[in-house]
A.B. asks: 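The structure's right below; bear with me while I get my questions together.
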Amino acid sequence: MMFDSIFALFSHDLAIDLGTANILVLVKGKGIVIREPSCVARQKKTKRILAIGFEAKKMMGKTPGTIEAFRPLRDGVIADFDATEAILTSYIKKVHQRADPDQFPRNFMPTVARPRVVIGIPSGVTEVERRAVQEAALAAGARKAYLIEEPMAAAIGAGLPIKDAGGSFICDIGGGTTEMAVISLGGIVVSRCLRTAGDEMDEAIIAFCRLKYSLLIGETTAEEVKMQIGSAYPLAEEKNTVIRGRDLETGLPKSIKIGSAEIREALAPVLNEITEGIAEIIEETPPELVGDLMERGLALAGGGSLLAGMEKLVAQETKMPVWRADDPQTCVVKGCGKVLEDEALLAQVRVTGGLR
């Protein structure tokens, strides 16, 4: 503990939401300093990193044969270890150089400046996948790496009273996974991790346009359409937008006008899977805790909860009150940040001990 307090004088402890779609980094005592897409662009032959974050996302679907632009995390777990390590290394160095630009030279991470890192991971990952995340953080320059389950981090970040005897329900709809859990007395009573979330919504929109309009669109376009006119529940005033892509019949460019009702039809199977998962979790919850959930309501977090009418759909399917957390996309990283500041809470909720 004494050495940790000495190291803390030179390093900036970090909380990281290692998401499939976005990576958020919070510095202890300073707040969120990085919020970028989980994207990497690199040379195929040499594996040299060309761009990370927003710059890499701009390249997705537009690269020549010698360059690959991709997301190194899939369904909440590491699909490409080297690329994930490169992202973490870049952001850890960026945080320290931004905070203390004269403390040490560029591209240099002295041992004494290595930070402690708390990372949120999906609740359904295997021991091998957990180890991969931890090793990537340590290889990127962390002094110690702690892991906590995302539903617990999201509940803490959303301000739910996790230490109370009463039950709290959290549903975190991210890019790669939907995490749902009932929490009581500082522990997870019932949980479920669905590999159905924002990415599957994008894929559903792509499939709908291909089948109904013979129009081929990319992931970026599908995501934009989802954010612009996507909804989970009928809107008071339906919206329209124009989608551009390639006509599968002629191979030429094509534009179509599409409405929010059609996008809702496309998203229906994915949303049904999420609401069914929530209903199943409630079925498995002890009856005493269900009473608490009826009183407190179900909390939604994650970028997927921003889909218009999501609360109404879940409330309709579960017959329970539903509310969305303030700034739902930051709940996991804020929860990890609160854990960083509370050693007792960290010891209670961490999945594995810090290494090194």
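As the structure is a prediction and not an experimental result, all values here were calculated from the model.
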A.B. asks: Could you walk me through whether L267 and I205 satisfy the side-chain contact (heavy atoms from CB on, under 4.5 Å) test, starting with their C-alpha distance in whole Å, then the side-chain angles of each, then the deciding distance to 0.1 Å, before giving a yes or no?
C.D. replies: CA-CA 7 Å; L267 296 177; I205 293 171; 4.0 Å; yes
A.B. asks: Where is the tightest heavy-atom contact between L306 and R324, given as atom of each residue plus distance?
C.D. replies: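 Where L306 meets R324 most closely, the heavy atoms are CA-NH1, 3.8 Å.
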A.B. asks: Are I34 and V333 connected in a single hydrophobic cluster, I mean Ile/Leu/Val/Met/Phe/Trp/Tyr linked by side-chain heavy atoms less than 4.5 Å apart?
C.D. replies: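 No, V333 does not connect to I34 through the hydrophobic network.
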A.B. asks: Should we count CD of E295 as having more than 12 external heavy atoms under 6.0 Å?
C.D. replies: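 Atom CD in E295 is not crowded, with 12 or fewer foreign heavy atoms closer than 6.0 Å.
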A.B. asks: Does S123 offer a backbone N or O that forms a donor-acceptor pair with the side chain of E179 under 3.5 Å?
C.D. replies: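 Side chain of E179 to backbone of S123, a donor-acceptor pair under 3.5 Å: yes, one is there.
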A.B. asks: More than 12 non-hydrogen atoms from neighbouring residues, nucleotides or ligands closer than 6.0 Å to NZ on K239, yes or no?
C.D. replies: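 Result for NZ/K239: open.
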A.B. asks: Check this for me, if you would: do E341 and K338 make a salt bridge, where the nitrogen-to-carboxylate-oxygen distance has to be below 4.0 angstrom?
C.D. replies: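 Looking at K338 together with E341, the answer is no, because their closest N to O distance does not fall below 4.0 Å.
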A.B. asks: Using only atom types and a distance under 3.5 Å, with no angle test, would you say the side chain of D164 pairs donor to acceptor with the backbone of G166?
C.D. replies: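 Such a contact is absent between D164 side chain and G166 backbone.
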A.B. asks: Should we say atom CD of E219 is surrounded by more than 12 heavy atoms from elsewhere, each under 6.0 Å from it?
C.D. replies: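 12 or below, so no.
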A.B. asks: Test your reading of the model: is there a side-chain donor-acceptor pair from T330 to the backbone of D327, 3.5 Å cut-off?
C.D. replies: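 Yes: the side chain of T330 pairs with the backbone of D327.
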A.B. asks: Within the distance-only criterion (no hydrogens, no angle test), does the side chain of T63 pair as donor or acceptor with the backbone N or O of E68 below 3.5 angstrom?
C.D. replies: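 The answer is no, because no donor-acceptor pair under 3.5 Å joins these two groups.
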A.B. asks: Do I258 and M201 belong to the same hydrophobic cluster, where Ile, Leu, Val, Met, Phe, Trp and Tyr are linked whenever their side-chain heavy atoms lie under 4.5 Å apart, directly or via other members?
C.D. replies: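 Per the 4.5 Å side-chain linkage, I258 and M201 are co-clustered.
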A.B. asks: For side-chain contact (heavy atoms from CB on, under 4.5 Å), just list the numbers for V125 and V133, CA-CA rounded to whole Å, side-chain angles, deciding distance to a tenth of an Å, and then say yes or no.
C.D. replies: CA-CA 10 Å; V125 301; V133 174; over 6 Å; no
A.B. asks: To the closest 0.5 Å, what do you measure between CD (E283) and CD (E276)?
C.D. replies: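 Taking CD in E283 and CD in E276, the distance rounds to 10.5 Å.
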A.B. asks: Given the rule in the salt bridge (charged side-chain N to carboxylate O under 4.0 Å, His left out) test, do K334 and D326 qualify, once you have shown the distances and angles that lead to the verdict?
C.D. replies: CA-CA 11 Å; K334 284 180 178 176; D326 295 332; over 6 Å; no
A.B. asks: Grouping I, L, V, M, F, W and Y whenever their side-chain heavy atoms are under 4.5 Å apart, do L147 and I23 come out in a common cluster?
C.D. replies: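 Hydrophobic grouping puts L147 with I23.
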A.B. asks: Please check if atom NZ in K312 has more than 12 non-hydrogen atoms from other residues, nucleotides or ligands closer than 6.0 Å.
C.D. replies: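 Not buried by this count: 12 neighbours or fewer within 6.0 Å.
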A.B. asks: Would you compute the distance between atom SG of C193 and atom CD of E149 and round it to the nearest 0.5 angstrom?
C.D. replies: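 Answer for the SG-CD pair, C193 versus E149, is 9.5 Å.
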A.B. asks: State whether the number of non-hydrogen atoms from other residues, nucleotides or ligands found under 6.0 Å of R246 atom CZ is greater than 12.
C.D. replies: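 No - once you tally the heavy atoms of other residues, nucleotides and ligands closer than 6.0 Å, there are 12 at most.
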A.B. asks: Linking I/L/V/M/F/W/Y whenever any side-chain heavy atoms sit under 4.5 Å apart, do V190 and V322 land together?
C.D. replies: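 Yes; V322 is reachable from V190 via cluster members.
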A.B. asks: Applying the 4.5 Å side-chain criterion to the ILVMFWY set and letting contacts propagate, would I183 and I278 be lumped into a single cluster?
C.D. replies: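 Shared cluster, no.
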A.B. asks: Write down the atom of S38, the atom of G19, and the distance for their closest heavy-atom approach.
C.D. replies: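 Scanning both residues, the minimum pair turns out to be OG-O, 2.7 Å.
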A.B. asks: Within the side chain of R114, is there an N or O that forms a donor-acceptor pair under 3.5 Å with the backbone of R143?
C.D. replies: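 Absent.
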A.B. asks: When the side chains of residues 48-59 are checked against the rest of the protein, which donor-acceptor pairs come out under 3.5 Å, sequence neighbours left out?
C.D. replies:
from : atom 1 : to   : atom 2 : distance (Å)
E55  : OE2    : K58  : NZ     : 3.4
K57  : NZ     : E223 : OE1    : 3.3

A.B. asks: Within the distance-only criterion (no hydrogens, no angle test), does the side chain of D172 pair as donor or acceptor with the backbone N or O of P151 below 3.5 angstrom?
C.D. replies: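 Judged by distance alone, no pair lies under 3.5 Å.
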A.B. asks: Considering residues, nucleotides and ligands other than K62, do more than 12 of their heavy atoms fall under 6.0 Å from its NZ?
C.D. replies: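 No, the 6.0 Å shell around NZ holds no more than 12 heavy atoms from other groups.
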A.B. asks: Decide yes or no on side-chain contact (heavy atoms from CB on, under 4.5 Å) for S168 and I170, but give the supporting numbers first.
C.D. replies: CA-CA 7 Å; S168 298; I170 184 76; over 6 Å; no
A.B. asks: State whether the side chain of T84 and the backbone N or O of D80 hold a donor-acceptor pair below 3.5 Å, judged by distance alone.
C.D. replies: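 Yes, the answer is positive, given that a donor and an acceptor are paired below the 3.5 Å cut-off.
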A.B. asks: Counting distance only, does the side-chain N/O of S260 pair as donor-acceptor with the main-chain N or O of E238 below 3.5 Å?
C.D. replies: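 No.
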A.B. asks: Is the side chain of R244 donor-acceptor paired with the backbone N or O of P253 at a distance under 3.5 Å, no angle test?
C.D. replies: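 Pair absent, no side-chain N/O of R244 close to backbone of P253.
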A.B. asks: List for me each residue that meets side chain to side chain donor-acceptor pair (under 3.5 Å) alongside R71, sequence neighbours excluded, and say none if there are none.
C.D. replies: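 Result, side chain to side chain donor-acceptor pair (under 3.5 Å) vs R71: D199.
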A.B. asks: Between T177 and T20, is a side-chain contact (heavy atoms from CB on, under 4.5 Å) present by the stated rule, with each step listed?
C.D. replies: CA-CA 8 Å; T177 60; T20 305; 5.5 Å; no
A.B. asks: Listed by chain and number, what are the side chain to side chain contact (heavy atoms under 4.5 Å, CB included) partners of A232, not counting sequence neighbours?
C.D. replies: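 A232: side chain to side chain contact (heavy atoms under 4.5 Å, CB included) contacts with L271, L307, M310, L313.
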A.B. asks: Of the non-hydrogen atoms in A154 and V332, which two are nearest, and what is the gap between them?
C.D. replies: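 So the minimum-distance heavy-atom pair works out to CB-CG2, 3.9 Å.
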